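Side chains are part of it too, since the values below use all heavy atoms of this structure and drop only hydrogens, waters and symmetry mates. Position 1 is the first residue of the sequence; numbering continues from there. Being a predicted model, the structure only gives us computed values, none of them experimental.
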Amino acid sequence: MTTTPNQTGPLRHFLQFRDFSREEIEYVFARARLIKDRFKRYQPHHTLHDRTLAMVFEKASTRTRVSFEAGMYQLGGSVIHLTTGDSQLGRSEPVEDTARVISRMVDLVMIRTFEQTRIERFAAHSRVPVINGLTNEYHPCQILADIFTYMEQRGSIAGKTVAWVGDANNMAYTWLQAAQLLGFKVHVSTPPGYALESVRLADIDAAHYALFDKPEEACRGADLVTTDVWTSMGYEQENEARRAAFAEWCVDADMMAAADPQAVFMHCLPAHRGEEVTAEVIDGPQSVVWDEAENRLHVQKALMEFLVLGRQPTP
């Protein structure tokens with residue numbers, strides 16, 4: 001690892017959940033609790049004063065942009081927002097050259113893009129930390145927020161069961177990485193033809209997941225039930241086929257009744273009521289989706305602070 005003039009420690013990236021150790025993830029959670037508490041008390045927390053975050057969006061976003069942009073300002077820093085329409089990323093310049101240039105001018109880069117290889121190429125040529133704001137393969141910041149939310153609501157997630165109902169997408173694979181790292185289990189139920197890829201399960205210990213044909217069985221006894229839209233960004237041409245294939249994979253009251261009585265429901269949003277989840281569930285008493293959405297702000301502030309400054313003393 002190398003140290004750059006803009007950093008106080010070794011260069012680190014957060015491109016997928018397993019890039020951090022369990023101890024580092026736990027530190028980020030602890031720091032997020034402190035940062036959130038100060039936020040709620042209107043106490044300034046300007047640990048990244050005079051630092052700059054570059055946000056690069058090749059996929060549109062609401063929550064990712066607002067949470068990172070607001071978060072960096074709240075840490076005392078500033079933000080540059082780039083899209084493929086107003087940068088060389090959408091034109092002929094190689095990703096590697098863009099990385100070399102941008103990373104000489106800012107302290108941190110967040111990228112929301114398509115293939116994981118694209119963000120990996122950028123990070124390999126960056127002088128500053130790079131954060132995955134979402135790729136086709138992984139969504140690590142969202143799972144950080146989800147687990148932090150579960151811990152707030154119910155305590156440690158170690159030894160618990162998460163039911164994933166729906167598409168085998170970037171969220172599902174990130175949940176699997178998190179389960180192996182933090183010691184819990186994921187029950188996965190996907191429609192025929194949309195199953196997890198065996199090659200991507202090769203490095204996940206089978207003790208940390210189980211596959212179910214029926215979503216109700218995946219939810220049985222679960223401590224957390226979660227899902228996502230049936231058609232992820234970039235797959236819109238498959239929308240009608242997916243609506244037919246996923247019809248039985250709508251999280252409803254019966255699925256939540258099969259789960260543990262204290263189970264919570266999560267969704268990374270945006271949600272389509274009547275498709276992947278019923279209004280009764282997402283707007284019901286077990287839903288924690290709004291806390292989950294807010295917590296993107298707090299865990300990402302802790303993440304950015306850690307990547308730029310390293311571990312901070314406990315106050």
Side-chain angles (χ1 to χ4, degrees), residues 1-2 4 6-7 10-21 24-25 28 51-69 71-72 79-146 168-178 181 197 199-200 203 228 232-235 268 296 299-300 302-304 306-308:
M1 294 183 182
T2 59
T4 75
N6 289 338
Q7 287 187 284
L11 178 60
R12 298 290 301 277
H13 305 296
F14 191 59
L15 307 185
Q16 50 184 298
F17 203 90
R18 63 161 58 109
D19 283 346
F20 282 10
S21 68
E24 289 168 334
I25 293 290
V28 170
R51 303 297 182 112
T52 303
L53 165 70
M55 302 192 304
V56 181
F57 288 93
E58 295 188 291
K59 282 189 175 184
S61 169
T62 299
R63 279 152 294 278
T64 297
R65 178 176 178 179
V66 173
S67 59
F68 271 106
E69 189 162 346
M72 192 60 177
V79 179
I80 298 171
H81 176 256
L82 298 169
T83 68
T84 51
D86 53 27
S87 73
Q88 290 294 337
L89 280 168
R91 300 174 187 138
S92 60
E93 185 173 57
V95 170
E96 294 80 358
D97 290 357
T98 302
R100 291 182 177 107
V101 172
I102 290 177
S103 65
R104 283 175 176 264
M105 300 177 180
V106 301
D107 302 279
L108 188 65
V109 179
M110 185 284 297
I111 301 178
R112 185 178 173 94
T113 188
F114 293 90
E115 297 81 11
Q116 182 76 10
T117 53
R118 191 161 173 81
I119 195 171
E120 289 172 351
R121 287 165 57 199
F122 190 103
H125 294 84
S126 174
R127 291 158 56 96
V128 300
V130 177
I131 297 172
N132 180 355
L134 175 144
T135 61
N136 290 347
E137 289 81 5
Y138 299 110
H139 199 357
C141 291
Q142 182 64 58
I143 301 304
L144 270 182
D146 291 1
N169 62 8
N170 50 8
M171 288 284 291
Y173 287 109
T174 308
W175 270 116
L176 292 173
Q177 286 193 352
L181 189 66
E197 298 174 16
V199 66
R200 296 186 64 186
D203 57 356
D228 195 2
S232 297
M233 200 176 301
Y235 297 89
C268 62
R296 284 284 300 276
V299 296
Q300 288 166 187
L303 173 65
M304 291 190 289
F306 176 64
L307 286 172
V308 175

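No donor-acceptor distance shorter than 3.5 angstrom exists from the side chain of Ser126 to the backbone of Phe122, with no hydrogens or angles considered. Remark: the backbone N or O of Gln16 is not paired with any side-chain donor or acceptor of Asn132 at under 3.5 angstrom. With hydrogens and angles disregarded, no donor-acceptor distance shorter than 3.5 Å links the side chain of Arg127 to the backbone of Arg100. Judged by distance alone, the side chain of Glu96 and the main-chain N or O of His125 form no donor-acceptor pair under 3.5 Å. Formation of a donor-acceptor pair under 3.5 Å by the Arg112 side chain with backbone atoms of Arg65 is not found in this model. The backbone N or O of Thr52 lies less than 3.5 Å from a partner atom in the side chain of Asp107, making a donor-acceptor pair. Asp97 places no side-chain N or O within donor-acceptor distance of the main-chain N or O of Glu93, the cut-off being under 3.5 Å.
Taking the ring centroids of Tyr138 and Tyr173, they lie at or beyond the 6.0 Å cut-off. Taking the six-membered ring where the residue is Trp, the centroids of Phe20 and Phe306 are separated by under 6.0 Å.
Nearest heavy atoms, Cys141 versus Gln300: CB-OE1, 3.6 Å. Of all heavy-atom pairs between Pro140 and Phe17, the closest is CB-N, 3.8 Å. When all heavy atoms of Ile143 and Met171 are compared, the closest pair comes out as CD1-CE, 3.6 Å. Between Val308 and Arg51, the shortest heavy-atom distance links the atoms CG1-NH1, 3.0 Å. Pairing each heavy atom of Ala123 with each of Val130, the nearest pair is CA-CG2, 3.9 Å. Heavy atoms only, all atoms of each residue included: Phe114 and Thr135 are closest at O-CB, 3.3 Å.
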*Would you check, one step at a time, whether the test salt bridge (Lys or Arg N to Asp or Glu O under 4.0 Å) holds for Glu137 with Arg200?*
CA-CA 10 Å; Glu137 289 81 5; Arg200 296 186 64 186; 5.8 Å; no

*asked:* With side-chain contact (heavy atoms from CB on, under 4.5 Å) as the criterion, how do Ile102 and Leu82 come out once you've worked through the C-alpha distance, each side chain's angles and the decisive distance to 0.1 Å?
replied: CA-CA 11 Å; Ile102 290 177; Leu82 298 169; 4.0 Å; yes

*Show your working on side-chain contact (heavy atoms from CB on, under 4.5 Å) between Met72 and Met110 and close with a plain yes or no.*
CA-CA 11 Å; Met72 192 60 177; Met110 185 284 297; over 6 Å; no

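Atom-to-atom distance recorded for Ile111:CD1 and Phe57:CZ is 10.5 Å, nearest 0.5 angstrom. The distance from the CD1 atom of Ile25 to the CG atom of Asp19 is 9.0 Å, given to the nearest 0.5 Å. Distance check, rounded to the nearest 0.5 Å: CG of Leu303 to CG of Leu144 gives 6.5 Å. In this structure, Glu58 CD and Leu134 CG are separated by 11.5 Å, a value rounded to the nearest 0.5 Å. To the nearest 0.5 Å, atoms CG (Leu108) and NE2 (His13) are separated by 10.5 Å. In this structure, CG in Asn169 is found 5.0 Å from CG in Asp228, a value given to the nearest 0.5 Å.
Side-chain contact between Asn136 and Lys59 is present, with at least one heavy-atom pair separated by less than 4.5 Å.
Checking His139, Glu69, Arg296 one by one against Thr64, the side chain to side chain donor-acceptor pair (under 3.5 Å) holds for a single residue, Arg296. Considering Val28, Ile131, Leu11 as possible partners of Leu307, the one that fulfils the side chain to side chain contact (heavy atoms under 4.5 Å, CB included) test is Ile131.
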